[in-house]
Amino acid sequence: MHNKTLVELSKALHKGEYSSVELTQHFLDRIKNYDSQINSFITITTDEALKAAQAADQIIANGDAGFLTGIPLAHKDIFCTHGVKTSCGSKMLDNFIAPYNATVVEKCQAAGMVMLGKTNMDEFAMGSSNETSFYGPVKNPWDIKSVPGGSSGGSAAAVAARLAPIATGTDTGGSIRQPAALCGITGLKPTYGRVSRYGMIAFASSLDQAGPMGRSAEDVAHLLNVISGFDERDSTSLDVPSDDYTANLNDKLAGLKIGLPKEYFAEGLDSNVAKALESAIKEFEQAGATLHEISLPNTHLAVPIYYIIAPAECSSNLSRFDGVRFGYRCENPTDLDDLYTRSRGEGFGAEVKRRIMIGAYALSAGYYDAYYLKAQQIRRLISQDFSDAFKQVDVILGPTSPTTAFKIGEKSDDPVTMYLSDIYTIAVNMAGLPAMSIPAGLVEQRPVGLQLIGNYLKEAQLLNVAHQYQQVTDWHQAVPQDFKEVL
Amino acid sequence: MAWEVVIGLEIHAQLATKSKIFSGASTAYGADPNTQACAVDLALPGVLPVLNMAVVEMAAKLGLAIGAEVAQRSVFARKNYFYPDLPKGYQISQFELPIVGKGQLNIELDGEEKTIGVTRAHLEEDAGKSLHEDFQGSTGIDLNRAGTPLLEIVSEPDMRSSKEAVAYMKKIHSLVRYLDICDGNMQEGSFRCDANVSVRPVGQEELGTRAELKNLNSFRFVERAINIEVERQIDILESGGKVVQETRLYDADKNETRSMRSKEEANDYRYFPDPDLLPLVIEPEFLEQVKAKLPELPDEKKQRFMQAYALSLYDAAVLTSSRELAEFFEQTVKLSASDAKLCVNWVMGDLSALLNKENLDITESKVTAPQLAGMLRRISDNTISGKIAKTVFEAMWAGEGDADKIIEQKGLKQVTDSGAIEKLIDEVIANNPKQLEQYRAGKEKLFGFFVGQVMKISKGKANPAQLNELLKKKLS
Amino acid sequence: MSLLKEEVEKIAHLARISLNEQDIPVYTRNLSDILAFVEQMNNVNTADIVPMAHPLDATARLRADIVSETNQRDNFQSIAPQVEAGLYLVPKVIE
């Protein structure tokens, strides 16, 4: 069951080949048997899942089922889930039982989907390796000594290890695409505002965007159909009609103009990754697409400005974690200042503290113009690079990550080196564009990710391009050796 | 040395919306603690703000009323600081681009007008409340008020005395109530004020160092706090010291201001545009709609009253100081079909005196405008004299009914029959031969004595004008 | 760009974060490295470029002034560290 696509699972459920309860139990068993190896879940909601599966079976029996009714999924632990612990990978929220549901969670529930549990992640989504989680690092199912990428590393690893058919993630600087690449799955970051941010614990509000993480473009398109759409509770939500993202999957690619940014294939890109991409590019050519070299000249500035803008926003967003109304509170505070500084000092991990402090510094009196304002100006230049490029091409293709999965601990002592793993993904968040990562090869049994960047609201086109590639390749069907067995 | 006082005010007006500025929680006053603090107000992880349309309209109204530019584009910013009554750890406010720009309004003091500049007005959210008593060494936090919309109206440092400051504050208070954007209730904190106070030697251009006075929750406190602070600053300067720029709290019980050191520690608010909220854009059509809904404003009304009713600046200013008082007056004039001056005298005289005495607002008056008008009609048509009217008015105030009923029941109708009055005069002359003799001998002051005697036996009902005329004839 | 230990302590207090004495040198080094890394921004001429605070060129959407929320105090306070009589408690605040 766990190697089937969403389309196959949906058909089987509707035909009654097995029930949602059986399907759910199967994945719960796999989680039980395998997750100790990869640590991809923080919370497993066995009872709730089986109850939801029973309800789904009833709906299917009544003939009222939608396409995804009864299909299990995992939510990144950044989405508030009513009555279920929502930790955001932090000690700060280890005791936080969310008293309400995020819009994404609500929409999945309304579609009849069954939540298996909450996946592990970098603390407050700050990290590219999943090593900053309070619950310990997630391990890459392809090599448990390597990182799965981050911050949605738990979701990526769970899908790659077939512990969940599909999952949700969030992407602030690459947090869906980079772990999707490193774990060999398909992940999509939609246009900023496409998916509601309500109930998704904020890291950097002007960059955060939720999206689906699955095994194929088609699977991902189905989940995007469920979670996207206008939400009046989010002022930054786009009030535009949602597409049916599966409608154009089978369109042919003849005449498609693909842009290859020269800055993405320059120094810093691992040569094996580059080779894998070359063969992928050939597939697109064969499918009738034309290739165009383009330039995104401000690419090298994306990481530096990200490390001003994201920390500035997070330093303010995370002020609400103060030990007063919810979350961690230090023991026996002597006065108000002690309550604040110790609750936050003890509740947050090192990377979160670093970013809060960088942000507070960049916004403080005398530094605002030199850091924050300057970064916002460069942000416009980066965004302009993309609008210029989309005057020439339909989609942009490049690597998702400069390397395949690296070893746990390899970069954790050096924040700046770690930050550079997101060099190809961050600019997209600055501009708010949609982008996805799809598997495009294996180098020494480690997946290579290929990134596709689209123009605003062109998710359907990206999914079409990815799907066509997945029709002629099978990298997305590769399963890590240790997780292939039936149970 | 002679000192000049310089005052600027920051007024916080709570906007009279049903729901909060960024959430759908109720703004009603006085609910049980934290029962009106929703997920957004509590800053639960993941929640987001959505701006209330009504606050935009209300701010635009104020902007239009003070002749200010209502910004086509304004931006919400975060003001970051930690305090338990501030759940997000930042206050959503407006910093660089406020919704209302420069404007002005006139105040009246001792019959003279003065223009006071308004620097800006911006939208922001209120904080919750800290309760310091009764929790074994802890402070209790009630977040019902958190997220209540505020319009902060910042004046130029244009006021030169505490009396001017109070006049300005009263003018804004009246204006927000005219516009129906704030209930103005100062006890409940709906209308609050901070004052920036400094002094400088008369003739000096440069401003002195200012202190910001907090907690001025009544007109009286504003005046007293400024006076005491001015005294303090002059004392310091005259003894060779320097005024420190700081926030000071006014203690009404001790009538003193004291430094709030807790708020002083290097505040670095790290303002930046709130990424959860997009820029607020006001289209010209929206502004036109708001303009069309504006009521007649106090200054327009004042001008109209002066012309239409031939009132003095002082009378017009008092009568238009509140929308309700102005409406009471105009209704009285209309229904009484009487001279406006007569109406002014009664509204600003006997009526105001009784309202003051019983500490009532015009809306709580025990005599309604139609009732007062009914009585004034009877003065105008000579049914009663002005003196008798006082009796009638008091009876109306006591709830004995309308003027006509009281006049009828108490038999207060004026005697206007000349024959009847002559008879009374004759009777008085006959009974007072000695006074008559003295009067005729040249002691003309006694005329008043005869008037009094006739009034006494007529029980005040003789028409005074007729009485005077007839009495003069008889005595000569 | 290199920060001093005192600057790091000042920032930490601005952000209300207590740091262990032995960790301060590490934070000082990390934060200095990050600031050095972002220095490359200074090579860019940004004169006359309008700062971009937000990826979308959209404007605020307004909601109608309607009370839509009901009292959920018990639900919300069930996860609070310390409450009494419906109030959140914090150590005594001195004004």
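Chain letters run A, B, ... following the sequence lines, proteins first, then strands; residues in each count from 1.
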Any chance you could measure [X], atom [atom1], to [Y], atom [atom2], to the nearest 0.5 Å?
X        : Y        : atom1 : atom2 : value
B/Asp268 : A/Leu363 : CG    : CG    : 9.0 Å
A/Arg197 : B/Leu48  : CZ    : CG    : 5.0 Å
A/Arg320 : B/Tyr90  : CZ    : OH    : 4.5 Å
A/Ser319 : B/Tyr81  : OG    : OH    : 12.0 Å

Would you say the side-chain atoms of B/Arg78 and A/Asn317 include a donor-acceptor pair closer than 3.5 Å?
-> yes
Taking atom types as modelled, is there a side-chain donor on A/Tyr368 or B/Arg270 under 3.5 Å from an acceptor on the other?
-> no
Measuring heavy-atom distances to chain B, does [X] have an atom under 4.5 Å in its side chain, in its backbone, in both, or in neither?
X        : result
A/Asp322 : side chain
A/Tyr372 : side chain
A/Ala365 : both
A/Arg325 : side chain
A/Phe79  : neither
A/Leu336 : side chain
A/Glu232 : backbone
A/Ala98  : neither

Give a yes or no on whether the backbone of A/Ser316 and the side-chain of B/Asn80 come within a donor-acceptor separation of less than 3.5 Å.
-> no
Non-hydrogen side-chain atoms of A/Phe321 and B/Pro45 separated by less than 4.5 Å = yes
Geometric class of the B/Phe82/A/Tyr340 ring pair [parallel <30°, tilted 30-60°, perpendicular >60°] = tilted
Which region of B/Asp276, side chain (C-beta onward) or backbone (N, CA, C, O), has a non-hydrogen atom less than 4.5 Å from a non-hydrogen atom of chain A, or is it both or neither?
-> both
Is chain A contacted by the side chain of B/Tyr271, its backbone, both, or neither, given a heavy-atom distance below 4.5 Å?
-> backbone
Of B/Leu278, B/Val47, B/Ile141, the largest count of non-hydrogen pairs under 4.5 angstrom with chain A goes to B/Val47
Greatest number of heavy atom pairs closer than 4.5 Å to chain A - which of B/Leu86, B/Leu42, B/Leu51, B/Thr139 = B/Leu42
Mark yes when over 12 heavy atoms from residues, nucleotides or ligands other than B/Glu188 sit less than 6.0 Å from its CD; otherwise mark no.
-> yes
Counting heavy atoms not belonging to B/Arg120, are there more than 12 under 6.0 Å from its CZ?
-> yes
Minimal non-hydrogen separation, B/Leu277 against A/Ser235, with atom names | CD2-OG, 3.8 Å
